[in-house]
Amino acid sequence: MKTDVEYKNKDHQSVEQVTECPECGSRRLSQDYDRGELICDECGLVIDETYIDQGPDWRSFDMKEEGDKSRAGPPMSEMMHDKGLSTNISVSDRDSYGKSIPSKNRAQIYRLRKWQRRIRVSSAKERSLVSALKEINRIASTMGLPRNIMESAARIYREAVERNLIRGRSISSVVISSLYAASRKMNLPRTLDEFADATEFKRTEIGRTYRFLSRELELQLKPTKPQLYLQRYCNELSLSGTIRKMAENILEDAEEKDLISGKGPSGLAAAAIYIASVKGGERRTQREIAEIADVTEVTVRNRYKDLVKQLDIEIDV
DNA sequence: AAGACGAAAGTGGTTGA
DNA sequence: TCAACAACTTTCGTCTT
């Protein structure tokens, strides 16, 4: 909870200057843009969770080009109801040369603008889409979900609207379920409980709507792998990459022996972390881990006893 | 005193008749 | 709609460090 705070950068100015790992001094850092993280190759420490790709957004095809393309205007985004592509007529009464427009034409321009607005946000569908996208943005921000999840959720929501799946359901329940689905799709899952806590909906409601969306849109998401929780939990417990790797191996073995399916993934992740933390000499109590993973100590206990027994792990407590 | 342990009863959700 | 069911939780007394 305390040690890795120094490495996180709140303001992005200083982010680029990080060239070596504060933990082991290695200069081999890699950027995981999908997760928005800067990670040390040697020890696996997450140096910055909010790393942003500041490179050019296009490949360049020769050396000359490299310098000048760089960032070229806002990217097309699912987060804008028109994907950021529509035209807007300026509000000033000037033409493109900056000369003022004769007053006899002003009325015409005004009408143009009016119609432009109407075309842009035309139907009721469009208008509700705008508010839904705002809602996605709001919830994702409070939960600290990265941009790609928002984009993905927006895509799922759009699809749901197009297929008329909203009928009989509240917009916000579909919004939240889209976010939940997106978080799983992007391999950065949050539990239903986490979404329930961040919103006014109950877990069951979100789950129900999610299953509905999943079926109708054929999202085909596989059950959440416990491994996907390791990164986040280990971070919050200030555990090193070595421990995370150990826990990952344990879960990998468990997966091969078919001990995973049917069990709650967060409980399994918690148990694997507990075993790894004890064996790797960075012990955390069952309670600490249970708290982070949002399960009880008893569950951590039961899962880890299972794993130890079935995988023949020796462990001295 | 804190942590780990495990038994037993309770909870909320799924499934299948 | 109801009962069986599995996973997980709550609670609590006991043992270990």
Side-chain angles (χ1 to χ4, degrees), chain A residues 1-3 165 168-170 172-181 183-184 189-230 232-234 236-240 243 246-247 250-317:
Chain A
M1 251 329 167
K2 54 178 172 47
T3 52
L165 302 177
R169 264 161 275 269
S170 72
S172 35
S173 79
V174 177
V175 161
I176 293 157
S177 304
S178 302
L179 270 167
Y180 172 69
S183 81
R184 288 179 52 171
R190 303 290 136 122
T191 60
L192 282 173
D193 278 322
E194 285 174 279
F195 279 96
D197 287 345
T199 62
E200 71 272 35
F201 286 88
K202 296 219 178 71
R203 182 184 51 190
T204 54
E205 171 79 8
I206 303 172
R208 212 186 356 255
T209 310
Y210 160 73
R211 277 198 306 281
F212 174 75
L213 285 184
S214 175
R215 177 159 33 89
E216 294 297 322
L217 299 177
E218 291 162 60
L219 297 176
Q220 315 225 359
L221 295 173
K222 299 192 179 61
T224 304
K225 282 191 174 195
Q227 285 94 320
L228 296 172
Y229 288 117
L230 294 177
R232 197 151 54 92
Y233 292 166
C234 284
E236 293 190 49
L237 289 160
S238 310
L239 286 165
S240 70
I243 302 292
M246 283 173 69
I250 292 170
L251 289 174
E252 226 91 306
D253 291 349
E255 204 173 4
E256 273 172 34
K257 295 205 176 181
D258 226 14
L259 308 174
I260 298 279
S261 74
K263 307 286 195 307
S266 46
L268 276 162
I273 290 173
Y274 179 70
I275 297 171
S277 85
V278 172
K279 294 205 76 165
E282 294 184 42
R283 190 187 190 114
R284 297 292 181 276
T285 65
Q286 295 178 355
R287 186 177 308 173
E288 285 174 297
I289 297 172
E291 175 121 5
I292 297 292
D294 209 14
V295 294
T296 61
E297 294 169 66
V298 184
T299 301
V300 176
R301 212 145 51 218
N302 291 340
R303 281 298 82 74
Y304 111 79
K305 288 282 175 191
D306 267 6
L307 290 178
V308 166
K309 195 168 172 190
Q310 309 265 2
L311 296 174
D312 294 323
I313 301 170
E314 311 112 54
I315 186 166
D316 33 287
V317 186

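Heavy atoms only: backbone and side chains are in, while hydrogens, waters and symmetry mates are out. Proteins come first, then strands; the chains are lettered A, B, ... in the order of their sequence lines, and each starts at number 1.
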_Sidechain-backbone polar pair: A:Glu236 side chain, A:Tyr233 backbone, donor-acceptor under 3.5 Å_ = no
*asked:* Atom CD of residue position A:Glu291 - does it have more than 12 heavy atoms of other residues, nucleotides or ligands inside 6.0 Å?
replied: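 Counting other residues, nucleotides and ligands, CD of A:Glu291 stays at 12 neighbours or fewer.
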*So does A:Lys279 have more than 12 non-hydrogen atoms from other groups sitting under 6.0 Å from NZ?*
yes
_Side chain of A:Lys263 (C-beta onward), nearest among B:dG3, C:dC8, B:dC5_ = C:dC8
*Please assess A:Ser172 against A:Thr199 for the test side chain to side chain contact (heavy atoms under 4.5 Å, CB included), listing each intermediate value before the final yes or no.*
CA-CA 9 Å; A:Ser172 35; A:Thr199 62; over 6 Å; no
Grab the [atom1]-[atom2] distance between [X] and [N] for me, whole Å please.
X: A:Asn302; N: C:dA7; atom1: CG; atom2: C1'; answer: 10 Å
X: A:Asp306; N: B:dG6; atom1: CG; atom2: C1'; answer: 14 Å
X: A:Glu297; N: B:dG6; atom1: CD; atom2: P; answer: 13 Å
X: A:Ile260; N: C:dA7; atom1: CD1; atom2: P; answer: 13 Å
X: A:Arg303; N: B:dC5; atom1: CZ; atom2: P; answer: 14 Å
X: A:Arg287; N: B:dC5; atom1: CZ; atom2: P; answer: 13 Å
X: A:Leu259; N: C:dA7; atom1: CG; atom2: P; answer: 12 Å
X: A:Lys305; N: C:dC8; atom1: NZ; atom2: P; answer: 18 Å

Does [X] have a side-chain nitrogen or oxygen under 4.0 Å from the phosphate oxygens OP1 or OP2 of [N]?
X: A:Tyr304; N: B:dA4; answer: no
X: A:Arg284; N: B:dG3; answer: no
X: A:Gln286; N: B:dA2; answer: no

*Look at the side chain of A:Arg301 against the base of B:dG6 and say whether a donor-acceptor pair falls under 3.5 Å; ignore hydrogens and angles.*
yes
*asked:* Students often get this wrong, so: under 4.0 angstrom with heavy atoms, is A:Gly207 touching a base, only sugar-phosphate, or nothing?
replied: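 Contact class for A:Gly207: none.
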*Assign A:Arg208 to base, sugar-phosphate, or nothing according to its heavy-atom contacts below 4.0 angstrom with the strands shown.*
nothing
*Verify side chain to side chain contact (heavy atoms under 4.5 Å, CB included) between A:Leu311 and A:Lys257, making sure each step is shown before the conclusion.*
CA-CA 8 Å; A:Leu311 296 174; A:Lys257 295 205 176 181; 3.9 Å; yes
*Report the residue (A:Arg211 or A:Val298) whose heavy-atom-nearest nucleotide on DNA chain B is the more 5′ of the two.*
A:Val298
*Determine which nucleotide pairs with C:dA6, using a 3.5 Å limit on both distances of a Watson-Crick or G-U wobble pair.*
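Its partner is none (no Watson-Crick or G-U wobble pair with both distances under 3.5 Å).
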